[in-house]
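Below, each value reflects all heavy atoms present in this structure, side chains not excepted, and no hydrogens, waters or symmetry copies. Quick caveat: nothing in here was measured; it's all calculated off a predicted structure. Indexing begins at 1, ligand by ligand and atom by atom, following the structure's order.
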Amino acid sequence: MPKPPRDAFTTTFGVLVATLGSAIGLGNIWKFPSLTGANGGASFLLVYLAATLLVGLPVMIAETMLGRAARANAVTSFEILAPRGQWGWKAIGWMGFAAALLIMAFYSEVAGWVYAYIFKAVSGEISTIDPKVAGAAFGALVSSPLTVLAWQWVVLALTGGIIMFGVSKGIEAVTRRLVPLLFILLLVLCVRSLTLAGAGKGLAFLFQPDFAKITPAVVLTALGLAFFKLSLGMGTMLTYGSYFRDEQNIPWTATRVMLADLSVSLLAGIAIFPAVFTFGFAPSAGPSLVFMTIPAVFTSMPGGIVFMTIFFFLTAIASVGAILSLLEVPAAILSERYGLGRKSAAVLTIAAIALLGVPASLSQSLMENVKLFGLNPFDLFDYLTSNVLLPLGGILICLFVGWVYGPEKTEQSLSNHGALANRGLIRATFFLIRFVAPLAIAIVLLNGLKLI
Ligand code: PHE
């Protein structure tokens, strides 16, 4: 029987938008600022930058290349590309399957907080520059088990519905128009932040490194963030690469996505840290940081409530692109390998996430004392994915491309069979993929986990 035609992105621009949609999300607005704040500011940012350039970008290129070469889901791709007998490589795809579900378990919860904040913004409840009031509002939300669960389920029902009804194309069209607005709103926030009394201190925190703050654990966290930010090491970029067009310039697409993603994160940082020092928030507040400081900046400007509402709405929209790309990994594996229809694959995936999501959502209330390795379920899922599974997936992908797929095929793939004149660039990228990235990840991982 002939294989049904696979879905594909139809334009070069469409590819860029979807890939960007996957990269940009709560990672920029929520995770980047809270990790930067908790891990010492500028020094963390520097390590993060190095990790993004030396490891993130090459892995992103490698992953999309494999997907496009195999034109299949994250598991089947390795069956197709690995030499006969080397079936073990497909474990990378299954690790990605697990990572996607675990990430979704907490990501959907944070997205739920964002949805809830749209309504809190309208009500005026979070219009405050007082850290105590802001902290109490956030605490009231996350400590109410039913409320957080309900919001998480709203997120899952909405995004699962998008996948089930195959309307992701329509959604992409909406995201494409709205996410640039988020960028503009972030710019407005930055202007306001830079005119606050604590702007100097905030900027110094973000840009003046104190190298004493760099520890092996900090380096691992920065590397994990680089993977999480660019949706790497777990099959998302591979699956998206499988929908790339043959003419797509992969290295250039990856570079543009990386740069755009980085600018959004930096804007979020510039919007947040001046407020931290102006109003007396703790930079190390963790997951709650954004939910307290962003409202404070809006509160200190005219029309604050309106802008704040739009901001949380746009952030919710931005999270959709990332969530769809996370769901795509298990959905593609289930539908292509087990012949499940898109609908059943989506329902199964969402059901699994809803189950895993319960302990994550209750981590700030009923289950706050349930700990493994000293971490509650929310932190555990986050740590396990960003700091273990994604880097591990990254090493394996690099080893596969560097030593199994090899230099000739890589050059063929990345030059689109000679159509692009980018030989020098490909060689440099291949060197990073073969030696630098896997070695760097291995050292950081082993040190960060205190295994050496
Ligand atoms: N990159 C997304 C973000 O930063 C999260 C994500 C991780 C998406 C892994 C897909 C895969 O918000």
Looking at ligand 1, does any of its N/O atoms fall within less than 3.5 Å of an N/O of [X]?
X	value
Gly27	yes
Leu326	no
Ser22	yes
Thr236	no
Leu230	no
Lys229	yes

**Message:** Distance alone, cut at 3.5 Å: any donor-acceptor contact between the side chains of Asp246 and Asn416?
**Reply:**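 No - no donor-acceptor pair under 3.5 Å links their side chains.
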Decide if the gap between the ring center of [X] and the ring center of [Y] is smaller than 6.0 angstrom.
X	Y	answer
Tyr405	Trp89	no
Tyr383	Phe373	no
Phe311	Phe307	no

Within ligand 1, which atoms have a heavy atom of [X] less than 4.0 Å away?
X	value
Ser325	8 (C), 10 (C)
Gly25	12 (O)
Ala23	1 (N), 2 (C), 3 (C), 4 (O), 12 (O)
Leu26	12 (O)
Met234	9 (C), 11 (C)

**Message:** Please find the pair of heavy atoms, one from Gln248 and one from Arg68, that lie closest to each other, and give the distance.
**Reply:**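 So the two residues come closest at O-NH1, 3.0 Å.
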**Leu54 versus Ala437, closest heavy-atom pair with distance** = O-CB, 4.1 Å
Counting non-hydrogen protein atoms only, what is the nearest one to [atom]? Give residue, atom name and distance.
atom	result
atom 7 (C) of ligand 1	Phe228 O, 3.3 Å
atom 12 (O) of ligand 1	Tyr107 OH, 2.5 Å
atom 8 (C) of ligand 1	Ser231 OG, 3.3 Å

**Request:** Take Glu328 and Arg342 through the salt bridge (Lys or Arg N to Asp or Glu O under 4.0 Å) test and state the conclusion after the steps.
**Result:** CA-CA 10 Å; Glu328 189 61 28; Arg342 284 293 284 182; 3.2 Å; yes
**Asked** So Phe277 and Phe205, would you call those rings parallel, tilted or perpendicular, with 30° and 60° as cut-offs?
**Response**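 Ring orientation, 0 to 90° scale: tilted.
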**Ring geometry between Trp113 and Phe138 (parallel below 30°, tilted from 30 to 60°, perpendicular above 60°)** = perpendicular
